[in-house]
Structure formats: C-alpha cells, structure tokens
Amino acid sequence: MARAITARAITAPPEKTSRHPATTSDEQDRVVTTSKLDFFAAALPAPRVDEGWARRVVQESFGVQAVPHELGSYQDANFLLRTPGGEPVTVLKVSNPAFGAAEIADQDELADVVAEACPHLRVAQVLRGDDGAALRATVETPDGPAVARLIRFLGGGTLADQAYVAPRGVARLGEVAARVDAALAGVDGADRFDRALQWDLRHADRTIAALAPSLPAASRDRIEDAAARAWQLVVPLAPELRIQVVHLDLTDDNTVLGADGMVDGLIDFSDLTRTWMVSELAIAISSVLHHASAEPASVLPAVRAYHAVRPLTEPEVDALWPLTVLRAAVLIASAYRQLSVDGENAYARVRLDREWRIVNQALSVPVEVMTTVIRDALGRPTRPAVRVPEGVLLARPAAEVLDLSPQSPLLDEGAWHDHDAVETIAAQRLAAGWRAVVTRFGETRIGAAAVAPAAPPSVATGIDLWTVDAAPLTAPWDGTISVEGSATVLRAVDVELVLRGVDAAGEGPVAAGAVVASTVPHARTRITVGALAAGVPESVPPQYAVGWLARVSDPAPLLGLPATGDGRFGDGARSVLRQRERVLANVQEHYYVEPPRIERGWRHFLVTEDGRPLLDMINNVAVVGHSHPRIVRTAERQLRLLNTNSRFNYEAIAEFGARLAELAPDPLDTVFLVNSGSEAADLAIRLALVATGRPGMVAMSEAYHGWTYAADAVSTSVADNPNALHTRPAWVHTVPAPNAYRGHHRGADAGRYGPEAAELIGQLAASGQAPAGFIGEAFYGNAGGLPLPDGYLADVYAAIRGHGGLAIADEIQVGYGRLGHWFWGFEQQGVVPDIIAVAKAVGNGIPVAAVITSQAVADRYRDGGYFFSSTGGSPLSSRIGLTVLDIIRDENLQANARIVGDHLKGRLEQLAPRHDLIGAVHGHGLYLGVELVRDRDTLEPAATETNAICERMLELGVVIQPTSDRMNVLKVKPPLCLDHAAADFFVDTLDRVLSEGW
Ligand code: PMP
C-alpha cells in the first residue's frame with residue numbers, strides 16, 4: 001500500500017512494523033463502531049494519547065517519521081507533525097473513539113466537496129496516498145480503537161490568534177461561512193449527517209439543561225435564563241429555518257489566515273451536521289465576540305457579507321441573535337462540563353476566559369434590540385415602536401425645546417467639552433426666563449466630554465425636562481406606580497412610563513389624571529415611554545440606537561408638545577459621502593474608507609455627527625486649534641465691516657504684510673499675499689524664473705509642492721501623483737531625496753547628499769542649463785517629517801547661488817512655529833533662503849498664504865509676470881492672518897509645540913523597543929513621523945499595515961493618516977494647542993493597536 005505523502009520533508013522508513021494494526025478506509029467500517037454519535041448518551045473526554053504515542057502511530061500506521069506537537073482539542077487528539085528540521089507538514093487527527101469510521105469518511109468527503117466548490121479557500125482535506133486512498137487508519141488508544149488520519153496542514157495561524165479582528169476580517173469570516181454553506185447545501189445523502197452533537201443548536205435547550213449543572217452556582221441562573229429567553233424566540237421560527245449540512249464549527253479557531261491576515265482556510269470538519277443553516281453564521285459570529293474591542297455590533301460586517309452571498313430569510317434574520325446567545329450559553333456550559341469530566345484538559349481551562357467574554361458580549365444588549373440592529377444592517381424594515389396612548393403627564397408647559405445635536409449653537413466654543421454641558425445650558429435657559437426646558441427624543445448629542453476608545457452613548461431614548469417650579473405630573477392612563485431604584489414607573493396595559501429625578505407621590509394603582517410625582521425645581525427629570533421603557537438606558541451608543549428606539553416612543557405629546565424626535569440618529573455620514581462622490585471629481589479624495597461625518601471641531605478635537613469626540617492628530621492647517629473664539633470674532637467683525645479684493649486701500653493688508661515681513665530674516669522684507677500653498681509655491685517658482693530669466697528649476701525628489709502647473713511640475717511625490725516621475729517637464733531637474741533613514745546615503749553618510757546635489761547643480765550649469773532656482777521643503781515634511789541632513793541646505797543654497805539661481809524654502813507645512821525649536825524650518829539648517837512660501841497655518845484654515853522675498857527679487861517680477869490674486873490678502877484673510885499670529889504669540893504655541901512635541905516624541909521612541917514595526921520616529925516639535933517597517937534591516941515599508949493602523953486608530957478615537965512616497969509613515973502634525981493628555985492618549989492608543997493588531 002502506498003504511504004507516500006506529498007510533504008517531501010517527512011521521511012518514510014523503508015519497512016514498518018506496526019503494533020497498531022493499520023487498516024484501509026474500507027476495512028475501518030468493520031473495525032470501528034459505525035453508530036452515529038449521540039452527545040446525550042455519553043460524555044466525550046479527548047483520547048488520552050501523548051506526543052510519544054503519536055510519533056509511534058504515524059510511523060507504524062502511515063510509515064512516516066515526524067515530530068508531533070500536541071494541538072488543543074475538546075474531544076479529539078490533534079498533533080501537528082513536523083519534520084525533524086521543525087517544518088510543519090501535516091496534522092495527525094485522532095478522532096474520539098465515539099466517532100464511527102463511516103462518519104469520519106463522510107467528513108473527509110465533504111471537506112473535498114468544499115475544497116472543490118471554493119477554489120480560493122484552503123481546506124484541511126485528508127491526505128491521500130499515491131493510490132488515491134485516504135491516509136486513514138484505525139489505531140488502538142487507551143480509550144479503545146479510534147480513527148487516525150493525516151490531514152493537510154494549513155499554515156498561517158488561525159483567526160483566533162488575532163487579538164483584534166478588523167471589520168474587513170469579520171466580513172471575510174461571514175463570507176467564508178456563506179460560501180461553505182452554499183457548497184454544502186446540495187450534498188447527497190444529507191441524512192448521513194443527522195447526529196446529535198451538543199453543538200447542534202436545534203438541541204440547545206436540551207444541551208443546556210444537561211450541562212448547566214456544571215456551571216458555577218453564581219452564574220447558572222443568568223445563563224439558563226438568557227438561554228431560555230433566546231430559545232423561546234427561536235421556537236416559533238424553527239419550522240421555517242432552512243435545514244442543510246453545515247460545518248457547525250466555522251469559528252475563529254477553525255479558520256486560517258492567508259498572507260494578508262484575512263481568512264483563507266478552513267479546518268476541522270468533525271462537527272458536520274445537518275441542522276439549521278443559520279446556525280453556521282451564529283456560531284461564526286459568536287467567535288468574534290471574545291476578540292479585543294469586540295461587541296455585538298462588531299459582527300455586523302460578517303452578517304452583511306454572509307447575506308450578500310447567501311441571502312437570509314426573514315425567520316433566519318430573526319433567529320440569528322437568539323441562536324448566537326444560545327451558542328454562547330452552550331459554549332460556556334460545555335467548557336465547565338469538559339473540565340468536570342476531564343479536569344486535565346488544559347485547552348478547556350484556557351478557553352474559559354474567552355467563553356466568558358463571548359457570553360458577556362452576547363448578553364450585553366437585549367436580544368430584541370440586537371435583532372432590530374441586524375434587521376437594519378440588512379436593510380430590512382425595523383418594526384415600528386408601540387404607539388403610546390394619548391394622555392397628559394404635564395399640562396403643556398411654556399417650554400423651550402433645546403437643540404443639543406452636535407451642530408447646536410448652544411455647544412459652541414467648546415461648551416460640549418464640559419461634563420455638565422447639558423445641565424449648564426438648561427440652567428442658563430431657565431435663568432433667561434423660560435418656565436421650562438425640554439430636550440428632543442431620539443436626538444444624537446455629543447455623548448462624551450472627552451475622547452475615548454469606544455463610541456459613547458450619544459442617542460437620547462427619552463426627553464429631559466427642567467422646570468422653574470415643582471410641577472405636578474399626572475398619570476396619563478390608568479396603571480400601577482412602582483418606585484424602582486431611581487425610577488418611578490407607571491405600568492399600564494402594553495406601555496411603561498418611566499420618570500427619573502422626580503419626587504414620587506406613592507406607589508400602587510392610580511387612575512388617569514392622578515398626581516403621581518412632581519418635578520424637582522431646576523433639576524433634570526428624564527421621561528421615557530414605551531412598551532418596555534423601564535429597561536432602556538437614558539442614552540445609547542449610535543450603533544444600537546435603531547434597536548433601542550424601537551422599544552420607546554417620543555414622550556413630548558404627553559406634555560402637550562409636538563413630537564420632537566425625527567430619527568436624527570440615522571446614517572448621515574454615508575449619505576453625505578454618497579452625495580460628495582456624486583458631485584465632486586473623483587481625484588478630490590477623502591480620508592478613510594468609511595469616513596465619519598465631522599461638522600464640529602474644538603481645539604485639537606473633532607466631533608462626529610453621531611456625537612463622538614475624536615483626537616485630531618493631523619490638522620496642521622488648524623494650527624491654533626479648531627473654532628478658536630478669537631478667530632471667530634475676527635471673522636465676524638471683519639465680515640460686518642468689509643471684505644473685498646486686494647486692490648483697495650485698507651489697513652489690514654498693510655498691517656499683515658508688515659507682520660509677515662518682520663517674521664522673516666533679513667533681507668526678506670517684501671510680501672505677496674495669495675490664497676493657498678500651491679499658489680505660493682507657484683509664485684515662488686515664477687519669481688525665480690522671472691528674476692533670473694532662466695527656464696530650469698532644481699527640486700528635491702519625493703516632494704510635494706502643490707497642484708497648480710509650476711508647483712505640480714516640481715512635485716515628484718508618487719504618493720500624491722503616481723505619474724509624477726513620467727510627467728515631469730524637461731525644465732525640472734531633481735536631486736535625490738536626502739533621506740538619512742532610507743535614502744541611498746544613511747546615517748553618518750547622509751552628509752554626502754549636500755555635496756552631491758551641489759555637484760549636480762554644477763553639472764547643469766556646466767552644460768549650459770544653469771537653473772533659475774532650487775525649491776525644497778526646509779524640513780522634509782512630505783517624506784515623513786525628517787530633518788534634512790546637517791549642512792544640506794547650506795551646500796545646496798551655496799551651489800545654486802554660486803550659479804546665479806535663487807533658493808526657495810517651502811515652509812508650507814513645516815513653518816510657522818510647528819517645529820517648536822524653530823519658527824521656520826530653514827532655521828534648523830542655519831540658512832536663509834531667497835524666497836519663502838508659506839500657507840496652511842497662516843489662516844488657520846481660512847485660505848491665505850504668502851510669499852516673502854527681498855525687495856530686489858520682488859521688483860524683478862514686474863519684468864515678466866502679472867500678479868493679482870483677488871482675495872489674496874483680502875480684508876478678511878489679512879485680519880485672520882493677524883489674529884493667528886497674535887494667538888500663536890499670546891498662547892505660546894511655538895513653545896507648546898516644543899514642550900509637548902518633545903514629550904510626544906520621547907514617548908513614541910519608548911514604544912519602539914516593544915514594537916518591531918516601528919522603524920524610526922522622525923521629526924521635531926509637533927511635526928513628527930512614525931515610520932513603520934516590516935524589517936528594520938531591509939526597511940521594507942509597512943504600507944498596508946500603516947493604512948490599517950490608521951483605520952483602527954479611528955475606531956479608537958484618533959484621527960491619523962499615512963504619508964511619504966511609501967505611505968508607511970504616520971504623520972503627526974496636530975494643532976499646536978495639543979496638550980500632554982492628548983499626546984499620551986495618542987501614544988497609548990498606538991501602543992494598544994500595535995499590541996492587539998489592526
Ligand atoms: N507644499 C507643501 C510642502 C505641502 O505640504 C502642500 C500641501 N500639502 C503644498 C505645498 C500645497 O498647499 P495647498 O494645499 O494649500 O495648495
């Protein structure tokens with residue numbers, strides 16, 4: 001019999017002498033019992049075999065020599081077989097003796113079916129000898145004869161090894177489940193797979209009844225109750241749930257990762273069972289719930305992906321979450337049971353923690369709420385909230401209805417940033433003369449005063465009421481009052497009214513119109529009404545809002561007020577994005593795959609439309625912080641006075657021009673005012689061309705200077721324009737990127753870039769192409785925040801001037817105090833350019849930019865160029881420019897950039913020894929670059945990782961983006977008002993992402 005297996009590295013001995021009689025697969029059916037497994041008949045401890053035993057079995061039964069390494073399993077014994085050299089080659093699977101040989105052969109057959117139907121999926125199929133026979137043998141174990149097989153080893157590790165699973169990874173799991181189910185849907189003789197496994201959720205009630213006694217007493221009731229409630233929801237749906245053969249253990253443990261970190265392999269077909277198809281998805285998504293940061297909503301990408309491949313029916317959608325809860329209950333009960341019958345099973349012990357996380361997450365949101373969330377995610381209609389009968393709680397108060405949405409003017413100037421913002425606003429409105437103040441139902445508010453790693457509960461499930469006097473509240477309907485903790489609850493048929501923060505009049509039955517409580521003057525009363533209002537939190541995270549709001553209604557009509565809620569919690573971000581994509585040119589890109597909608601900023605925070613504050617680590621434009629009140633006042637005042645083009649004679653342009661000239665070193669005393677960095681860079685180039693009368697420019701490689709014609713011509717960054725290198729006009733000459741970290745000269749050798757660039761300029765001159773000028777960022781911002789090598793600009797400026805050209809410093813990103821230690825980047829190099837181009841920070845987001853040069857150079861422009869930029873230096877932009885400079889001075893922002901930047905850089909550097917991905921931390925002040933590499937020797941850029949890390953950082957509350965030609969540097973360039981707490985939050989979050997995965 002042929003026993004050769006494809007894995008070449010395993011050596012087959014010439015002859016075998018077996019104490020374990022090997023059989024062919026046909027013989028097995030006679031040797032091992034063929035009765036189908038019935039979990040309810042017996043407990044199944046894993047076969048008690050060890051690595052020494054496995055080594056003998058593979059040699060004697062399969063004629064191969066290998067080094068076995070035990071893998072965990074509840075009920076089987078699995079060994080990874082390695083070559084003597086340590087290379088993993090195949091898996092020895094010794095099935096539990098309770099499994100019949102026929103059913104094992106059937107499992108192998110279906111693994112082959114899946115492999116054939118899913119060519120992109122690696123499948124742990126049984127290996128076959130040269131004659132095509134499966135490498136299966138019946139072997140003796142201390143627990144009786146069992147079937148042993150060699151199974152294809154799938155490298156890459158399992159999804160369970162990833163601490164964090166990104167939404168795209170979750171989606172892939174759902175898609176794989178759907179493809180496997182599609183492959184198994186039509187198998188012949190499906191009744192071969194009618195088995196009674198504990199994992200079959202059709203028996204979940206019986207399984208839990210059988211296993212619950214093993215649960216710790218303290219949690220048994222909770223698990224049993226949750227399972228019973230979930231089971232009650234499944235029972236009426238059961239007749240309509242489709243039945244087919246499913247893998248039944250398609251979890252993170254049994255899915256294997258490809259090189260891209262996404263699931264591309266499936267192992268372990270030992271639980272194949274004919275049962276409810278939707279169980280497959282429930283089992284798959286439950287395995288997501290123990291991962292880092294996972295919560296019920298984290299499974300939605302898998303549900304959507306499954307549904308896209310294999311659409312779920314209405315009853316299946318409704319059964320999904322109850323089945324997930326049942327799966328969680330079965331898992332935890334099984335874990336305890338396994339320990340009780342097999343206390344030695346280290347695998348089961350290690351898993352307890354995980355199973356608890358799954359249970360706690362599965363039970364963290366009521367089943368009905370999650371089912372509504374799932375329905376909504378699949379575009380199914382969600383059931384309307386119960387209609388509240390008419391009645392009067394409070395005779396129409398003269399109330400002001402507050403707007404507390406993220407865009408409300410009441411939250412301006414960082415008012416939201418105060419923990420007591422809502423209370424303060426209500427108090428102010430009452431002080432302003434209102435008798436009462438109410439809030440809106442279903443409104444998304446800013447849910448937290450500080451940035452946090454999870455979306456805060458931001459959606460109000462009821463309304464708040466403040467009154468000047470104690471107002472009597474009457475029962476709108478007949479019912480029974482009970483005081484439950486801080487809540488006074490009126491229960492009537494089908495509806496609950498919950499009052500919090502009131503003085504209750506008493507308990508017991510009441511008739512409509514009876515006074516049941518009164519408000520406490522100036523204190524908040526929360527009113528919630530709905531079918532099951534008592535269990536509804538006052539505010540809920542937006543991802544669950546649709547589910548919670550289906551349980552409650554707008555209480556405003558009970559106060560005689562028009563309904564206030566209009567379901568504002570909806571998906572504003574996507575609709576805005578769709579509209580943007582419809583009308584804007586495709587190349588006008590946006591950050592992120594699914595960008596949050598952001599309509600408010602404050603200091604170094606951004607606030608999403610669904611009420612979440614984010615830490616803004618990239619907004620170099622908002623140099624003094626978002627929505628600075630002084631800028632707001634300046635803009636408003638100037639817009640009331642005058643805003644016009646720069647040909648008029650007004651004070652602001654003169655004053656601002658003078659301030660800019662003062663900031664520049666001698667002899668740079670003359671200013672042009674324009675609107676953008678591109679315009680400034682373009683003008684700077686034009687000045688050099690005109691002043692020298694020459695056509696050529698020298699630029700640094702891998703740089704970006706703007707999109708306008710001349711600025712674009714000197715930009716060679718392929719990150720910004722993939723064709724930059726081919727489309728560069730002949731008049732642009734480049735010098736190599738002076739990157740001391742990864743350029744062709746590194747470390748101490750970087751000193752050679754300057755002389756080499758100087759030589760190139762010399763060669764151009766010698767060949768009759770003496771350039772008009774050199775343009776370069778004075779600090780290498782777009783390459784990732786690297787300082788230029790010491791002496792670089794001194795060498796280059798000397799060379800360019802030596803040949804009659806001009807030196808242009810692009811300070812558009814790095815200048816204006818951001819570097820902390822220097823106001824201008826060229827100061828770091830100890831040089832003075834002939835022309836400075838500056839933008840971005842100059843207007844704190846209002847379009848204003850400048851070119852600063854000497855009178856002599858500026859005067860030459862007359863000879864060859866036309867200059868008029870209508871709104872460049874307008875009254876508005878000049879006034880704002882002045883205010884920005886005042887704020888930088890008054891708030892010591894350059895010093896802050898130095899102090900907080902040094903702290904931030906120090907902390908980032910401390911991360912490097914713990915995370916191999918960090919290649920280097922570049923930069924100074926608040927222009928830093930964290931360069932991520934796959935290998936510190938080859939410096940292979942970790943670009944996909946950087947992008948994924950940015951997506952994950954956003955989930956955790958931080959806005960950060962990649963930069964450089966390789967897109968592998970996290971660009972850190974926040975508003976200069978960043979404080980230590982925010983810097984620490986950023987570093988801690990990055991640390992977390994690098995530890996947990998992305
Ligand atoms: N130069 C540099 C160094 C820049 O980073 C940018 C903008 N990223 C520009 C010029 C162009 O500025 P703007 O986008 O304001 O036109």
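Note that ligands are numbered from 1 as they come in the structure, with each ligand's atoms numbered from 1 the same way. Throughout, numbering of the chain's residues begins at 1 and tracks the sequence.
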shortest atom 1 (N) of ligand 1-to-protein heavy-atom contact is with Asp810 OD2, 2.7 Å
Run the numbers on Gln638 and Asn643 for side-chain hydrogen bond (donor to acceptor under 3.5 Å, both in side chains), then give the verdict.
CA-CA 7 Å; Gln638 192 58 47; Asn643 197 24; over 6 Å; no
**Study point:** Verdict with reasoning, Asp902 to Lys905, per salt bridge (charged side-chain N to carboxylate O under 4.0 Å, His left out)
**Key:** CA-CA 5 Å; Asp902 285 353; Lys905 186 171 182 187; over 6 Å; no
Closest heavy-atom pair, Tyr792 versus Val735, reported as atoms and distance to 0.1 Å, is OH-CG2, 3.5 Å
Close N or O approach (Gly677, ligand 1; < 3.5 Å): yes
min-distance protein heavy atom vs atom 4 (C) of ligand 1 -> Gln813 CG, 3.7 Å
* To do: May I ask you to decide if the ring planes of His924 and His821 are parallel, tilted or perpendicular, using 30° and 60° as cut-offs?
  => perpendicular
Nearest non-hydrogen protein atom to atom 11 (C) of ligand 1, with distance, is Ser678 N, 3.5 Å
Honestly, for Asn782 the part within reach of ligand 1 (heavy atoms, under 4.0 Å) is side chain
Checklist entry - Side-chain contact, heavy-atom cut-off 4.5 Å: Ile888 with Tyr816? => result yes
re atom 7 (C) of ligand 1, the protein heavy-atom contact at minimum distance is Lys840 NZ, 3.0 Å
- Query: Is NZ or CZ of Arg647 both nearer than 6.0 Å to the six-membered ring centre of Phe868 and within 45° of the ring axis?
  - Reply: yes
The protein heavy atom nearest to atom 10 (C) of ligand 1 is His705 O, 3.1 Å
